[in-house]
Amino acid sequence: MPKVSLADGRELEVAEGAAWADVARAAGIQAVAALVDGELRDIRDQAEEGQKVKLLTLTDPEALEALRHTAAHILAQAVRRLFPGTKLAIGPAIADGFYYDFDFPSPITRDDLPRIEEEMARIVSEDLPVERVFLSRAEAEDLLKEEGEAYKLELLSEIPDERISFYRQGEFMDLCRGPHLPSTGLVKHFKLLDLAGAYWRGDATRVMLTRIYGTAFASEEALTEHLKWREEARRRDHRRLGPDLDLFSIHNEAIGAGLILWHPKGARVRHEIETFWKERHFEGGYQLVYTPHIGRARLWQTSGHLDFYREGMYSPMDIEGQEFFLKPMNCPFHIAIYKSKTRSYRELPIRYAELGTVYRYERSGVLHGLLRVRGFTQDDAHIICRPDQVEEEIRKVLNFALDMLREFGFSEFSAHLSTRPAKFVGAPEDWDRATEALRRAVEAEGLGYDVKEGEGAFYGPKIDIDIEDSLRRAWQLTTIQFDFNLPERFDMTYVGEDGRKHRPYMIHRALLGSLERFFGILIEHYGGAFPAWLSPVQAVVLPIAEEQIPYAEEVAGKLRAAGIRAEAWTRGGKTLRYLIREAQLQKIPYMLVCGAREAGAGTAALRLRTGQDLGPQPVEEIISRIRAAISSHSPEL
RNA sequence: GCCAGUGUAGCUCAAGCGGUAGAGCAUCCGCCUUGUAAGCGGAGGGUUGCCCGUUCGAGUCGGGCCACUGGCUCCA
């Protein structure tokens, strides 16, 4: 009789052929799924000798995937009841919920979602047992053919097994790997969220299906919390906050989609970012360069962009009979600077940095506020070094990147190492050296990372860094990429100790990615309430009555003289309540209230954006407090 | 690009079966002289995304275009 060990340390002997459900019964646990040797398994799976199992109850987080997968089936069942003739595609559990792709006989709209939800609730209340049945390949094929399930048939043809699993609940039966909960009655807390188009198998050449997104949780509280989180993310959407805070605008008709106008306040934030960025780069041994927005066709011919990247580039313009292209990347220009004279090994490493504005064609459907645009400024740099310097340079640049991101208030990072793909240029030894340098650097930083085997670009391995924002969403910002292609194409060389020409290594890197995208992420991370050093307006001085206007102006003047971005709000006719509300909505960190008492005493009553009222304080003290907050880059006021 | 939805004043939103566009905020002008998230009154502001059609008459119905939103292999 097989013996298995439970998560609580117990060892159980089970009958030959017993399922985990039987084990759970024997152990007295209300299990809905099983985590067997660390893998989520169906409760109906057979227990085998020596396996370690954690029997999962409905509320175990590990069971969520099964719960959502079952929710997806309930969705499909409801859709089948309401829209006969609908074909099923696939319906997995995903990070935040689940979806199911359908081919409806006629289009449905969002307004149909409540009806579908109601039918789902009915299926839940029917508490249908979910059974697993195994069919032979031939039986499975017959069944799916009979039901006209063309998509499922395609999936079936790719399953290697001869024993095909189906799950059945009531009248509904679906080809599925599982795992699933024991019954539909367990999926009590769910919600349908969105309707979207999705290509069959994600392939743009194939049919467009209708995808219904939803989410499900083990408890009503967890579901409510998730919906609140979605609401908060919506509230923080940079496309909403941008116009509200007068930071930027986009004018599709008048100017063009995906092109950003930075308003004075947004521009001020950008200026602070850029200034800080440049200072740090000078300290880090980078040299700042500026390069043009366009270049002749032959440049892009040499770089290979015209052969491999043309669909991402804007059409050429004709200047005196020569073709010029808007730059999609800065590298060829930096290389030209490098090549403007003979380089010695003594000069290396050379690090060229540029806030370089590039233009790339993006399909209209993928444009998204500041996050996906057609014209953007990369915080770009190219490091050109000798092979013996690679290790050190990578270590430095990674450390540099993380330091910079921390200054902007991000503290959670994860890294992805992408290695050599099947099709590549350059020598495998170079690839290995570069890949190892990247690996050692992330390990030295103590970053968690995963390896994306074979997912590097054809020209070199790379490491990407994701940050996590205040809503626990991941964004890919930093990328550090080797290039074994361009040095070759442009014949970059340096003269070595031996007096001979050698090929340098080149590394592309962007830390923030692009200023537009980074700004969008910052807006959402802070919900528009920037830390003092980034706030476009750092302090407002609010007079209570007209008599205090001169005093308010004097105070604002003192703040400005101390390097603080301060305004006196002296337009008449507004109550203090009004002005405070106005300042709160604009998320201005410091409000200095000046009434008769303060004007007499040379003080101001300090209110923080947090709502905290600190009462009257000498203006000098307020100034040093604000200056300290600014220079610390801290979000604390 | 594709699927579904949406497009009315600077912003948020109204206008039962087609009958000739309205409110709050914002702006401007007054009054009020204000103590920690909206004081009061008045005025101006719209080619209802664009084009074509149906109709005596279109924000509303039909067609085409444009733009935006949610998405478009987290693999039975």
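Note that the structure is a prediction, hence the values are computed from the model and not measured. In what follows, chains carry the letters A, B, and so on, assigned in the order in which the sequence lines appear, proteins first and then strands, with residues in each chain numbered from 1.
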Partner residues of Asp161(A) under the side chain to side chain contact (heavy atoms under 4.5 Å, CB included) criterion, sequence neighbours left out: Ile159(A)

Nearest-angstrom distance, P atom, rA4(B) to rG39(B): 48 Å

rG70(B) phosphate, OP1 or OP2, under 4.0 Å from Tyr99(A) side-chain N/O: no

Counterpart residues, side-chain hydrogen bond (donor to acceptor under 3.5 Å, both in side chains), relative to Thr419(A) (two or more places apart): Glu453(A)

Presence of salt bridge, Glu524(A) and Arg473(A), under 4.0 angstrom: yes

Short side-chain N/O contact from Tyr590(A) to OP1 or OP2 of rU36(B), under 4.0 Å: no

Touch class at under 4.0 angstrom, heavy-atom based, for Ala605(A) against every strand present: base

His69(A) side-chain N/O to rA76(B) phosphate OP1/OP2 under 4.0 Å: no

Sequence-distant partners of Arg235(A), side chain to side chain contact (heavy atoms under 4.5 Å, CB included), two or more places apart: Glu232(A)

Glu231(A) bridged to Lys228(A) by N-O distance under 4.0 Å: no

Strand RNA chain B in bracket notation, Watson-Crick/G-U under 3.5 Å with | for pairs to another chain: (((((((..((((.....[..)))).(((((.......))))).....(((((..]....))))))))))))....

His226(A): ring-ring contact (aromatic ring centres under 6.0 Å, His included) partners, not counting sequence neighbours: Phe217(A), Trp229(A)

N or O in side chain of Arg177(A) less than 4.0 angstrom from rA76(B) OP1/OP2: yes

Rounded distance in Å between the C1' positions of rG18(B) and rG53(B): 15 Å

Separation of the C1' atoms in rG46(B) and rG59(B), to the nearest angstrom: 11 Å

Charged N-O contact under 4.0 Å between Glu149(A) and Lys87(A): no

Side-chain donor/acceptor of Glu598(A) to base of rG35(B), under 3.5 Å: yes

Given rA76(B), rA38(B), rG35(B), the nucleotide with the shortest approach to the side chain of Ala596(A): rG35(B)

Are there any protein N/O atoms within less than 3.5 Å of an N/O atom in nucleotides 3-5 of chain B, and if so, which ones and at what distance?
from, atom 1, to, atom 2, distance (Å)
rC3(B), O2, Gly197(A), N, 2.9

Side-chain N or O of Arg239(A) closer than 4.0 Å to phosphate OP1/OP2 of rG70(B): yes

Sugar-phosphate only, base, or nothing, as touched by Asp613(A) at under 4.0 Å among non-hydrogen atoms: base

Touch class at under 4.0 angstrom, heavy-atom based, for Leu175(A) against every strand present: base

Sugar-phosphate, base or nothing in reach of Leu193(A), heavy atoms under 4.0 Å: nothing

Salt-bridge criterion met for Glu171(A) and Arg81(A) (N-O under 4.0 Å): yes

C1'-based separation of rC68(B) from rC29(B) [nearest Å]: 37 Å

OP1 or OP2 of rA38(B) under 4.0 Å from side-chain N/O of Arg577(A): yes

N-O pairing of Arg239(A) and Asp237(A) below 4.0 Å: yes

